[in-house]
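Naming convention: chains lettered A, B, ... in sequence-line order (proteins, then strands); numbering from 1 in each chain.
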Number of protein chains: 2
Amino acid sequence: MTADLAAVARRAGVSPATASRVLSGRGPASAASRQQVLAAAAELGYRPHPVARRLARGTGTRVVFGFRDRRTDVLSDQWVCRVVAAVAEVADRHGLGVSLRRLPLDCGPDLAEIAADRSVAALVLAGHDRSVRPAMRGRVATIGAAVDGIPGADVDSAAGLTALLTHLHAQGRRRIALVGGQRWLGAARAPRDAYASFVTAAGLPSRTVTGDFTAARGRAAARRILDRWPDTDAVVAVNDATALGVLAGLAQAGAAVPHDIAVTGFDDLPTADAVRPALSTATHPVERIAAAACTAALGLAPGAGLFPSRPVLRESA
Amino acid sequence: MTADLAAVARRAGVSPATASRVLSGRGPASAASRQQVLAAAAELGYRPHPVARRLARGTGTRVVFGFRDRRTDVLSDQWVCRVVAAVAEVADRHGLGVSLRRLPLDCGPDLAEIAADRSVAALVLAGHDRSVRPAMRGRVATIGAAVDGIPGADVDSAAGLTALLTHLHAQGRRRIALVGGQRWLGAARAPRDAYASFVTAAGLPSRTVTGDFTAARGRAAARRILDRWPDTDAVVAVNDATALGVLAGLAQAGAAVPHDIAVTGFDDLPTADAVRPALSTATHPVERIAAAACTAALGLAPGAGLFPSRPVLRESA
DNA sequence: CTGTTAGCGCTTTCAT
DNA sequence: ATGAAAGCGCTAACAG
């Protein structure tokens, strides 16, 4: 039914090899043959067979998004879902699909399996830290800090958090607490460090509580903070989900936001603007980040890069 | 490097065809040969080449999730992202990837293009209505109402909404407004109808406002409702995003939830439980729905099915 | 139940 | 620049 390359070549009066060169844009071809081939392809309504192409080239057909986490219920994480969707949209432009794979903390075996799967064109990793080293020969990128040689599409969270802290400080907040992330997570490090530098530089007390990027823990963290340091006047959360939890926890405890306590999130998920009080946070170009990680993993772009984290001030701070 | 089928066959002392039959589980094979082949495969660490397999079988390598909507920014819709992620997880088990494709309202040409793409193993459609008819020969399923012959993984939203309305009524709410969805959207029909039947049966006034499944419109809808029917004592929203917006709009107008006005959502997204007041809504098995649609589209399951919508009562109603 | 023989559709050396 | 030919790795129709 559908015309194949041979048919196009025949009609163009050239060999399949030449037709292939023209249609795939790889390899030389005279203007004349190019002309013929293109015309023939158009007339025949030729559509290359992506699968055949990938088999011949030895490239895979899907990019795996590997998310390393302790939770089993990955789908309830908005950030994860958003990134997967973003990657799915980018991948579509390359004729590829995305698979979501939850990875345990000790993901060596899983990574080896992924590397051995020849349907995998590339691996995009998130939730990693220094200890994670993919078993793949290239075709890998991370969302988050780059790890030895592997390109990473990272958010400049140090700058973003510092900007938020600066804002709070300018507002007169002097007893600022941080709800951070798990220690095993690479992405939790930068915020923690940025917070530490800021408070010491500004001569503020350091008040840190560990969360896990979920609203549930954010809520618990709010209570803990109120218990330990009742005079806290601002809470900086490592992401929006946590901040939402903090908001809920504070409301439950009867603290007024932002009057008594200011709250900030991180990521600027759609909900940040839908809740009351609207969440002040830092916004990140998720789509561009996903796209960068994806193309870098596919080897279509040199490296990934550092993306801006811009404060978005709404009502909560 | 990696052993191929021929190597396994050779080592097992059988033909490639037999090895293929055993390893792919299709076609007959004597216990003896099966034994040999399996052993040989194990010893050689044989991993089938998914791409070659798909080329030979003529099946595609990815499932396209087509989302029909007027918005360009699909990624800011939590439901969409969640479904994509869920499909991506299910697809992974079949060695497939998912592509996300935004479809315009008039998506005929796009569907034709998707059908012509031989890398597409299946199409999962959402945001459709009766007018949409995929150009594919099978390999399609919808999330939402089934349309002529195409299986659909649908939520029993009529039952879910009715349950919510019944709850509100039992609470003494008598002036209940609905924030529905766009008329061109098939998924918006069932809730609208369910609401209509309920209010007429209960002898309540009908108060309907059209939303678009976003928080922004939900907020606007809340204001409109307050304007037109100041004595409204409950607002039922067609989804959680809308409900979040309604919550924000009511808060802004100084209405207390649930004291003055009760609010309900639909879907039970993770945020529903993170906001204050926590959103009363109806919960749906998103993963199972996505899985059903995916497997049905791939032709691995007969049809999709109707999934339960169970009320989850929290604080807002 | 098994082997033989063609493919699936495109790419890519390697000569020319 | 171009063509012939040899794959990429597996599946499936067809005899036997």
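- Between A/D4 atom CG and C/dT11 atom P there is a gap of 12 Å when expressed in whole angstrom units.
- Checked by atom type and distance alone, the side chain of A/R102 pairs as donor or acceptor with a backbone atom of A/R71 at under 3.5 Å.
- Atom CZ in B/R26 sits about 18 Å away from atom C1' in C/dC1, given to the nearest Å.
- Between B/A31 and B/R118, the residue whose closest nucleotide on DNA chain C is further toward the 5' end is B/A31.
- In this structure, the side chains of A/T61 and A/V120 stay at 4.5 Å or more apart for every pair of heavy atoms.
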- Message: Go through it in stages, so that I can follow the logic: the residues are B/T18 and B/Q36, the test is side chain to side chain contact (heavy atoms under 4.5 Å, CB included), and I'd like the CA-CA distance, side-chain angles, deciding distance and then a yes or no.
- Response: CA-CA 11 Å; B/T18 299; B/Q36 305 299 318; over 6 Å; no
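- Across all non-hydrogen atoms, the minimal contact from A/I143 to A/A290 is CD1-CA, 4.5 Å.
- A heavy atom closer than 4.0 Å to some atom of DNA chain D occurs in A/V14, A/S15, A/A17, A/T18, A/R21, these being the qualifying members of residues 12-23 of chain A.
- The stretch residues 41-62 of chain A comes close to DNA chain D through A/L55, A/A56, each having a heavy atom under 4.0 Å from the strand.
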- Query: Stepwise, does the side chain to side chain contact (heavy atoms under 4.5 Å, CB included) test hold for A/F213 with A/L185?
  - Reply: CA-CA 11 Å; A/F213 289 79; A/L185 189 57; 3.5 Å; yes
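- Note that the first and last nucleotides of DNA chain D, 5' to 3', having any atom under 4.0 angstrom from a heavy atom of chain A are D/dA1 to D/dG9.
- Ion pairing of B/R62 with A/D92 is present here, as a side-chain N (NZ or NE/NH1/NH2) and a carboxylate O approach within less than 4.0 Å.
- One N or O on the side chain of A/R82 and one on the backbone of B/L75 form a donor-acceptor pair closer than 3.5 Å.
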- Item | Derivation and outcome, side chain to side chain contact (heavy atoms under 4.5 Å, CB included), residues B/V51 and B/L55 | CA-CA 6 Å; B/V51 184; B/L55 173 61; 5.6 Å; no
- Task: Kindly determine whether B/R101 and B/C107 satisfy side chain to side chain contact (heavy atoms under 4.5 Å, CB included), including the steps that lead there.
- Result: CA-CA 11 Å; B/R101 182 95 114 237; B/C107 56; over 6 Å; no
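- Each end of the helix from C/dC1-D/dG16 to C/dT16-D/dA1 gets its own axis from five base pairs, and the two axes differ in direction by 30°, given to 10 degrees.
- The shortest distance between side-chain heavy atoms of B/V74 and B/D69 does not fall below 4.5 Å.
- Shown here are the ring pair (Phe, Tyr, Trp, His ring centres under 6.0 Å) partners of B/H49, two or more places apart in sequence or in another chain: there are none.
- A salt bridge is defined here as a Lys NZ or Arg NE, NH1 or NH2 lying under 4.0 Å from an Asp or Glu carboxylate O, and A/D129 with A/R68 meets this definition.
- Counting only residues at least two apart or on different chains, the salt bridge (Lys or Arg N to Asp or Glu O under 4.0 Å) pairs with a member in residues 23-49 of chain B are B/R11-B/E43.
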